[in-house]
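Reading through the structure tokens given below for one structure.
Predicted, not measured: the structure shown is a model, and the values here were computed from it.
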Amino acid sequence: MTPLERFVDTFLNPRLMARYWPDIAQGMLVTVEIALAVVVTGVALGLGLAVLRSYRVRPVNALIVVFVDVFRALPPLVLILIIYFGLPNIGVNLSSYAVLWLVLSLVLGAFAEEIFWAGILSVRKGQWDAARSTGLGFGRTLLYVVLPQAVRLAVPPLTNRTIAITKNTALGTVIGVAEIINQAQTAVSFSGNATPLMMGAVAYILVFIPVVLIGAHVERRFAWRRA
Amino acid sequence: MDVFLHQFLNLEIMRQAWPIIFKGLQMTALLCLAVIPLGLMGGLVLASASLSRRAVLRGAVKGLIDLFRALPPLVLLILIYSGLPFAGLNLSPFAAVCLAFTLNTSSFYGEIYRAGIESIGHGQWEAARSTGLGAGHTFAHVILPQAVRNVLPDLVSNTVEVVKLTSIASVVSFTELLYAADMARSVTFNTSPIVLAAAIYLVLLWPVVRLMSRLEHRVAA
């Protein structure tokens, strides 16, 4: 075998590609499903907490700040291990999928709260005063006047953060979630060949390059300052 | 409640695990000391290349940055750690981790520098060049200091992410903080060592996180 043939045989072996692509595709599906679930619950949690925080109830806000700080400071893998290995010991059994979804949702929720809150703060006080003077109550002012402006400001940083956190779905492999890299590693250990790893890398690129490009587009599209 | 305390905040087990966790902490520090400067330098190289006048170089760098931003760091690490041996290259866990994290963090630092450099008005270039400074000196002494000041919060925030990132090195058996804690967990069947590791990350990073959110709110307000 020439060196080139050996390289192709080890990294781009067509026979193994044909054999393992269903597994990798299955892994892509799992990655996309968990990522979407995390985006929905994480962003909703962040928005909910930011709204709650704007009522400025001191003890509640202190709790929110502690939650946000802790989940921004801790590496997600540490949280995954604590919950996955810790909860069964106190009688709560969650599947590895549920643990991954829960942890990443909490982490995204923490970052999203911070971003939405910065957005809410950046809406000028005059907007509040004007809305209240037309007879809108606090809740309606927040919902109809402040949030629409705050959310627009939040979109670019939130997009970046969301992409970064959905990529953490790969951490699921550590606790046995059968996502892309997990399927690839299993295939490598069965076949003794690096081809499935390359397939896994390509699968991630197929999933995330469009997301990164859409993110860059969104960032440009929403890049306007407050009125 | 007792069960919870016993499982998560068992001081006796934390005390026993402390020596190996402290060793892990030292390895985490070593890793940070290697990866953060490498990433900062790599990012600078990528940023200056992405501002080059040669379209081919610009395009290539842009492609590389997008590629390394799209690949989850864990995937890049596994690719390097388990993939390269098939090509006859055996890297130690430390070398593999440094290589993977440098590629990943350089891309993120590079994008931040680029945003900073683009935020400096063209007049600064022209003014500096007209005083007789060469292109290199202009970049190093006029543009870069202002650019870095403009994006300092982003650089700090990305550095926090790098420190958190080092926990992933545990997956390829590099004996850093989380790996040490997980080893202690698997020996004691108790989650407390990982809670201790979490507490250490928290002590290291919480002050920075707090500082960042104050900076962000000040900019926003």
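For the ring pair (Phe, Tyr, Trp, His ring centres under 6.0 Å) criterion with Phe174(B), the lone passing option out of Tyr81(B), Phe94(B), Phe101(B) is Phe94(B).
There is no contact between Phe7(A) and chain B, counting heavy-atom distances below 4.5 Å. Heavy atoms closer than 4.5 Å to chain B are found in the side chain of Thr173(A), but not in its backbone. Proximity to chain A (any heavy atom under 4.5 Å) is restricted, for Leu74(B), to the side chain, taken from C-beta onward. Contacts of Val171(B) with chain A are made by side-chain atoms alone, with heavy-atom separations under 4.5 Å and no backbone atom involved. Using a 4.5 Å cut-off between heavy atoms, Leu213(A) contacts chain B through its side chain alone, with no backbone atom that close. Neither the backbone nor the side chain of Val207(A) has a heavy atom closer than 4.5 Å to any heavy atom of chain B. Only the side chain of Leu178(B) comes within contact range of chain A, with heavy atoms under 4.5 Å apart. Interface residue Asn193(A): only backbone heavy atoms are found under 4.5 Å from chain B. For Thr166(B), no part sits under 4.5 Å from any heavy atom of chain A, backbone or side chain. Interface residue Val70(A): backbone and side-chain heavy atoms are both found under 4.5 Å from chain B. Residue Val211(A) does not touch chain B at all, counting heavy-atom pairs closer than 4.5 Å. If you measure heavy-atom distances from Phe4(B) to chain A, the contacts under 4.5 Å come from both the backbone and the side chain. When heavy atoms are compared at a cutoff of 4.5 Å, Phe189(B) approaches chain A solely by way of its backbone atoms N, CA, C and O.
Of the possible donor and acceptor atoms, none in the side chain of Glu111(B) sits under 3.5 Å from a partner among the backbone N and O of Ser107(B).
Of the inter-residue distances, the one linking Leu102(A) atom CG with Leu87(A) atom CG reads 8.0 Å to the nearest 0.5 angstrom.
Note on Ile205(A), Asp69(A), Leu197(A), Ile90(A): by heavy-atom pairs under 4.5 Å with chain B, the leading option is Asp69(A). For the set Val68(A), Leu79(A), Leu81(A), the entry with the most heavy-atom pairs within less than 4.5 Å of chain B is Leu81(A). Most heavy-atom pairs under 4.5 Å with chain A: of the set Val75(B), Val208(B), Leu205(B), this distinction falls to Val75(B). Ranked by heavy-atom pairs shorter than 4.5 Å toward chain B, the options Gly86(A), Gly91(A), Gly200(A) are led by Gly86(A). Counting heavy-atom pairs under 4.5 Å between each of Asn89(A), Ile181(A), Val212(A) and chain B puts Asn89(A) at the top. Most heavy-atom pairs under 4.5 Å with chain B: of the set Ala170(A), Ala164(A), Ala184(A), this distinction falls to Ala170(A). Note: Arg185(B) leads Arg69(B), His6(B), Arg185(B) in heavy-atom pairs under 4.5 Å with chain A.
Residues Thr10(A) and Thr195(A) fail the side-chain proximity criterion, which asks for heavy atoms closer than 4.5 Å. Side-chain atoms of Lys164(B) and Val160(B), non-hydrogen and from C-beta on, do get closer than 4.5 Å to each other. A heavy-atom distance below 4.5 Å is not found between the side chains of Met41(B) and Val45(B). Residues Ser54(A) and Trp117(A) form a side-chain contact, since some pair of their non-hydrogen atoms from C-beta on lies under 4.5 Å apart.
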Notebook entry, point to check: Could you walk me through whether Thr159(B) and Tyr109(B) pass the side chain to side chain donor-acceptor pair (under 3.5 Å) check?
Noted result: CA-CA 9 Å; Thr159(B) 305; Tyr109(B) 279 128; 2.7 Å; yes
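Counting only N and O atoms by type, the side chains of Glu179(A) and Tyr204(A) include a donor and acceptor under 3.5 Å apart. With no hydrogens or angles considered, no side-chain donor-acceptor pair links Gln183(A) and Gln26(A) at under 3.5 Å.
Around atom CZ of Arg58(B), more than 12 heavy atoms belonging to other residues, nucleotides or ligands sit under 6.0 Å away. Counting heavy-atom neighbours within 6.0 Å of Trp21(A) CH2, excluding the residue itself, gives a total of 12 or less.
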